[in-house]
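The structure appears right after this line, and notes come after that.
Predicted model only: the values in this text are computed from it and were never measured.
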Amino acid sequence: MATNSSSPRGDSAVAREKARKYSAQQAASQKRKGLWVKIGVLVAVVAIIAIVAAIVMQQNRGQVADSGPVPNGGNTSGGITLVSSTEFASTASGQTVKLSDAGVTPSTAGTPAPRNMTKAEKGEAVPLIMYVDANCVHCADFEGQYANDLKTWLDAKDITLEYRNVAFLDRGSPTNYSSRGANAFACVANEAPASYLNFTTAVFAHHSEGEMTNAELAQMAKDNGADVTSCIEDGTYRPFVKFTTQAALADSIGGTPSVFLNGQEWNGSTDPDFKAWAQKIIDANKK
């Protein structure tokens, strides 16, 4: 007759061992879960800190003084004026602009009226004023299409070219690229006038690749003959950009590019070929 080798005492010991192992497994599982919860909380805290830091940095970038220096070739209308492809007008460089002098933005936009816009005497170079934004795709398209014509007219003394670099599109940029780009333009104007047009063309040509950091703007400036790293990093001309932007709004400039030649505003809808439109005005002033 067969006998059962197990006993109640043996069964009890096996059960206790199974229970112990199960309990240990549960404890280890709970420990792992607790660890993952702690890691998740830590990641969340780090993410929150990063977000807060980004917000603080963004706010700090927006904290620009209400007065500052005018760059070489600049004026108290917020413009930078070229008289040839490598030379600037002798204007208000070394002076200071104050935001309080820019004027108040009208509650409803009126007819665009750029301050200090003049008309040339017969036979003189006609003044061309252009409001542009470094982050503006239409400005990039305009520069890509007409940069060579602008340079040709400048060197022929047919026009003077005043860039009023505004920061309308900062509201849509996490890095205030419009302001930083305009500051970089002013830095190059101040330090290396002969590089200004080439640098401007290069910045707008880069538009399709996205916003640039200050270091990238500085490298692009250096590639075009202007070592202005400290000026770009320090935001030396951000107050000038701030003034130019507010002045443009006060003068009812509604968008970019806004282009005025010899007192006339170019309308791309009725005159899609800017070169032909401008050449007529240039030729008429020669007669």
Side-chain angles (χ1 to χ4, degrees), residues 73 79-88 114 126-156 158-170 172-173 175 177-189 192-214 216-226 228 232 241 244-245 248 253-261 264-282:
I80 298 172
T81 305
L82 289 142
V83 294
S84 79
S85 62
T86 59
E87 301 171 288
F88 286 113
V126 293
L128 174 61
I129 297 174
M130 300 200 316
Y131 291 87
V132 296
D133 187 308
N135 212 9
C136 163
V137 63
H138 301 300
C139 300
D141 292 341
F142 184 91
E143 286 281 342
Q145 188 168 359
Y146 299 114
N148 288 336
D149 298 311
L150 297 176
K151 185 174 182 179
T152 297
W153 289 328
L154 275 168
D155 287 336
D158 288 335
I159 66 169
T160 60
L161 174 55
E162 181 178 348
Y163 278 93
R164 296 187 181 181
N165 298 301
V166 297
F168 287 171
L169 298 178
D170 269 354
S173 167
T175 71
Y177 181 60
S178 296
S179 287
R180 292 189 301 104
N183 173 69
F185 291 150
C187 289
V188 173
S195 299
Y196 184 85
L197 272 187
N198 288 340
F199 176 64
T200 300
T201 300
V203 169
F204 282 116
H206 187 275
H207 183 275
S208 62
E209 299 178 49
E211 299 183 1
M212 286 185 280
T213 64
N214 283 346
E216 289 170 330
L217 284 166
Q219 184 59 54
M220 183 171 283
K222 187 173 292 186
D223 291 343
N224 284 278
V228 291
I232 289 175
V241 176
T244 305
T245 302
I253 305 301
T256 53
S258 288
V259 182
F260 302 83
L261 180 61
Q264 301 181 49
E265 182 177 11
W266 174 56
N267 186 325
S269 297
T270 57
D271 291 290
D273 187 344
F274 169 74
K275 181 179 179 179
W277 175 83
Q279 193 65 59
K280 288 180 182 178
I281 295 174
I282 292 169

Taking the side chain as every heavy atom from C-beta outward, state whether [X] and [Y] have any pair of such atoms under 4.5 Å apart.
| X | Y | answer |
| --- | --- | --- |
| Leu82 | Thr160 | no |
| Arg164 | Pro114 | yes |
| Asn165 | Thr244 | no |
| Asn224 | Val188 | no |
| Leu261 | Trp277 | yes |
| Met130 | Pro257 | no |

Testing the basics here: between [X] and [Y], what is the closest heavy-atom pair and its distance to 0.1 Å?
| X | Y | answer |
| --- | --- | --- |
| Ala147 | Thr201 | CB-OG1, 3.9 Å |
| Phe274 | Val259 | CE1-CG1, 3.7 Å |
| Tyr146 | Lys275 | CE2-N, 3.7 Å |
| Ala192 | Gly225 | CB-O, 4.0 Å |
| Ala182 | Ala134 | N-CB, 4.5 Å |

Donor-acceptor pair, side chain of [X] and main chain of [Y], under 3.5 angstrom:
| X | Y | value |
| --- | --- | --- |
| Thr245 | Ala167 | yes |
| Glu216 | Thr213 | yes |
| Tyr131 | Ala248 | no |
| Arg180 | Thr175 | yes |
| Asp133 | Ser178 | no |

Nearest 0.5 Å, please: how far is [atom2] in [Y] from [atom1] in [X]?
| X | Y | atom1 | atom2 | result |
| --- | --- | --- | --- | --- |
| Ile281 | Gln264 | CD1 | CD | 4.0 Å |
| Thr86 | Leu154 | OG1 | CG | 9.5 Å |
| Ile159 | Leu128 | CD1 | CG | 5.0 Å |

Residues 135-143 side chain polar contacts: donor-acceptor under 3.5 Å, at least two apart:
residue: Asn135; atom: ND2; partner: Glu211; partner atom: OE2; Å: 3.3
residue: Glu143; atom: OE2; partner: Tyr163; partner atom: OH; Å: 2.8

### Task
Kindly assign one of parallel, tilted or perpendicular to the pair Phe185 and Phe199, based on the angle between their ring planes and the thresholds 30° and 60°.
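Rings of Phe185 and Phe199: perpendicular, as their planes differ by over 60°.
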
### Query
What residues, two or more places apart in sequence or in another chain, satisfy disulfide (SG to SG under 2.5 Å) together with Cys187?
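Per chain and number, Cys187 pairs via disulfide (SG to SG under 2.5 Å) with Cys231.
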
### Query
Hey, would you say the Tyr196 and Phe88 ring centroids sit under 6.0 Å apart?
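Close enough - the centres of the two rings lie under 6.0 Å apart.
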
### Within 6.0 Å of CG in Asn148, more than 12 heavy atoms from elsewhere
no

